[in-house]
Amino acid sequence: MGRFRKLLGIPLVLALLAGCGGDPAPRQGTNGLEKPTINVAMLSLVVNAPYYIAVQEKLFEAEGLTVRTQPVQQSTQAYPALKTGDVDIVFANNASMLLGHDKGDLRINLVAEGTRLTPRFMGVLVMPDSPITDVKGLEGHSLSVHVLNNIQAITFDAIAASSGVDPSRIDYRQVVFPQMAATLQKGDLDAIHSQEPFLTDAVQKLGARLVADGGAAPVTEMPLDGYFSLETWTKENPGTAAAFQRALRKASAIAADRAKVEAILPTYARGIDPAVAKVMTMPHFADTSDPAGVQKLIDLMVEQKRLTNRIDAGSIVFQP
């Protein structure tokens, strides 16, 4: 009888020993997903097309995921909810998230890449009668960006510097994309740094003139944005993060067919003129992870003294 009691005690002892050291294994749920229902904070821009394609084509469902979309006007509005766990993933531009990570305010992972910069997806426009004709002409003049000290200024400073222009002589002003054209037309700005579809819309309706390509060298193919979670979230939910990434990559591959993007735009991005959608420049919808590209952006931000630390992109980009 005593020997029987000893044998009964062995599983209990082993179980206790197993719980004494190391990190607990991630919890597993339906289809190997730790969290089969997730909340995603989402914008309504051209760059978000793959996400809405994934919803429409049920690519998330095919991975066992239920996504709840929480529309926001700016990704910064979702940061408090990301911190508290009310939002699992937020779509944001890379620069904003890297700045937060650098300050220790938001320790993040890039779960899935969004888009990369293509020539003329962004560009600097002036009114037809403006004396400004090139990047050099922007010195001493006002230029709008959607958000100060962010991806547009970062990439355009690099373009300006490569053209022999001192970026500090460009007077950046913050104006959101939908309001840029009207502000330019009123004469409140000398130039606007716009993005599609607003760029093509301003060209067609105002006769605005392109004086600088915001996607030119040396920033062509620079990673612009993506789907971010907290660093702790991907550690706790690696299966869920991988499933989300797979669905987005499939959707991004579909988005390579611009007809698919043109078809999905009216369902979530209201007010885009179909005539504009037909001719506007598309970004590169990323269907792979590119830590080297993210590192290029990080290094540029360090060079411009926007980041205090040279973050290792390998520690940011989620790899299942």
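Values below: all heavy atoms of this structure, side chains included; hydrogens, waters and symmetry mates excluded. The first residue in the sequence is number 1, and the count goes up from there. Small disclaimer: the values here were computed from a predicted structure and weren't measured.
A side-chain N or O of His284 and one of Glu221 form a donor-acceptor pair less than 3.5 Å apart. Gln204 and Thr200 are not linked by any side-chain donor-acceptor pair at a separation below 3.5 angstrom, with hydrogens and angles left out of the test. No side-chain donor-acceptor contact under 3.5 Å links Ser229 and Asn109.
Under the 4.5 Å side-chain contact rule for hydrophobic residues, Leu99 and Val219 share a cluster. Tracing side-chain contacts under 4.5 Å through hydrophobic residues (I, L, V, M, F, W, Y), one never reaches Tyr172 starting from Val147; they form parts of separate clusters. Hydrophobic clustering (ILVMFWY, side-chain heavy atoms < 4.5 Å, transitive): Leu148 and Val176 are in distinct clusters.
A distance of 11.5 Å separates OG1 in Thr234 from CD in Gln319, rounded to the nearest 0.5 Å. Distance check, rounded to the nearest 0.5 Å: CG of Asp201 to CZ of Phe177 gives 13.5 Å. A distance of 6.5 Å separates OG1 in Thr69 from CE in Met42, rounded to the nearest 0.5 Å. Atoms CG and CD1, on Leu143 and Ile170 in that order, are 6.5 Å from each other to the nearest 0.5 Å. Note that CG of Leu189 is 11.5 Å distant from OG of Ser130, once rounded to the nearest 0.5 Å. Here Leu224 contributes atom CG and Gln195 contributes atom CD; the two are 7.0 Å apart, rounded to the nearest 0.5 Å.
Gly123 approaches Leu199 most closely through the heavy-atom pair N-CD1, 3.1 Å. Annotation for Ala217 and Ser162: closest pair O-OG, 4.0 Å, computed over non-hydrogen atoms. For Val261 against Ala255, the heavy-atom pair with the smallest separation is CG2-O, 3.4 Å. Between Gly215 and Ile159, the shortest heavy-atom contact is N-CD1, 4.4 Å. Residues Ala286 and Glu113 share a closest heavy-atom pair of CB-CB, 3.8 Å. Between Ala160 and Pro167, the closest heavy-atom pair is CB-CG, 4.4 Å.
Looking only at distances, a side-chain donor or acceptor of Gln295 sits under 3.5 Å from a matching main-chain atom of Ile311. Listed for the Gln152 side chain is a donor-acceptor partner under 3.5 Å among the backbone atoms of His146. A donor-acceptor contact shorter than 3.5 Å links the side chain of Asp88 to the backbone of Asn39. In terms of modelled atom types and a separation under 3.5 Å, the side chain of Arg258 and the main chain of Met280 share a donor-acceptor contact. Side-chain N or O atoms of Ser144 include one that pairs as donor or acceptor with a backbone N or O of His193 at under 3.5 Å.
Residues Met97 and Val90 meet the side-chain proximity criterion, which asks for heavy atoms closer than 4.5 Å. Side-chain contact between Glu63 and Gln245: absent, with no pair of heavy atoms (C-beta onward) separated by less than 4.5 Å. Between Thr232 and Arg107 the shortest side-chain heavy-atom distance does not fall below 4.5 Å. Side-chain contact check for Leu125 versus Val211: every heavy-atom pair is 4.5 Å or farther apart. In this structure, Asn150 and Ser96 have side chains that are in contact, with non-hydrogen atoms separated by less than 4.5 Å. Looking at heavy atoms from C-beta onward, Lys35 lies out of side-chain contact with Glu236 at the 4.5 angstrom threshold. Residues Arg209 and Ile132 have side chains not in contact (no heavy-atom distance under 4.5 Å, counting atoms from C-beta outward).
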Stepwise side chain to side chain contact (heavy atoms under 4.5 Å, CB included) check, Asp188 with Arg173:
CA-CA 10 Å; Asp188 294 339; Arg173 308 278 184 87; over 6 Å; no
I'd like to know whether Phe244 forms a side chain to side chain contact (heavy atoms under 4.5 Å, CB included) with Asn237, so could you lay out the CA-CA distance, the side-chain angles of the two residues, the decisive distance to 0.1 Å, and finally the verdict.
CA-CA 11 Å; Phe244 183 87; Asn237 304 282; over 6 Å; no
Candidate pair Trp233 and Ile89, rule side chain to side chain contact (heavy atoms under 4.5 Å, CB included), full reasoning
CA-CA 9 Å; Trp233 188 88; Ile89 293 174; 4.1 Å; yes
Using the side chain to side chain contact (heavy atoms under 4.5 Å, CB included) rule, take Met282 and Thr115 through it: C-alpha gap first, then chi angles, then the decisive distance, then the call.
CA-CA 10 Å; Met282 294 290 180; Thr115 61; over 6 Å; no
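The ring-ring contact (aromatic ring centres under 6.0 Å, His included) with Tyr52 is formed by just one residue from the set Tyr268, Phe285, Phe91; it is Tyr268. Among Asp190, Asp171, Thr183, the one residue that satisfies the side-chain hydrogen bond (donor to acceptor under 3.5 Å, both in side chains) test with Ser142 is Asp190.
Within a 6.0 Å sphere centred on NZ of Lys260, other residues, nucleotides and ligands contribute 12 heavy atoms or fewer. Within a 6.0 Å sphere centred on CZ of Arg306, heavy atoms belonging to other residues, nucleotides or ligands number more than 12.
Ring centers of Phe60 and Tyr51: under 6.0 Å apart, within the cut-off.
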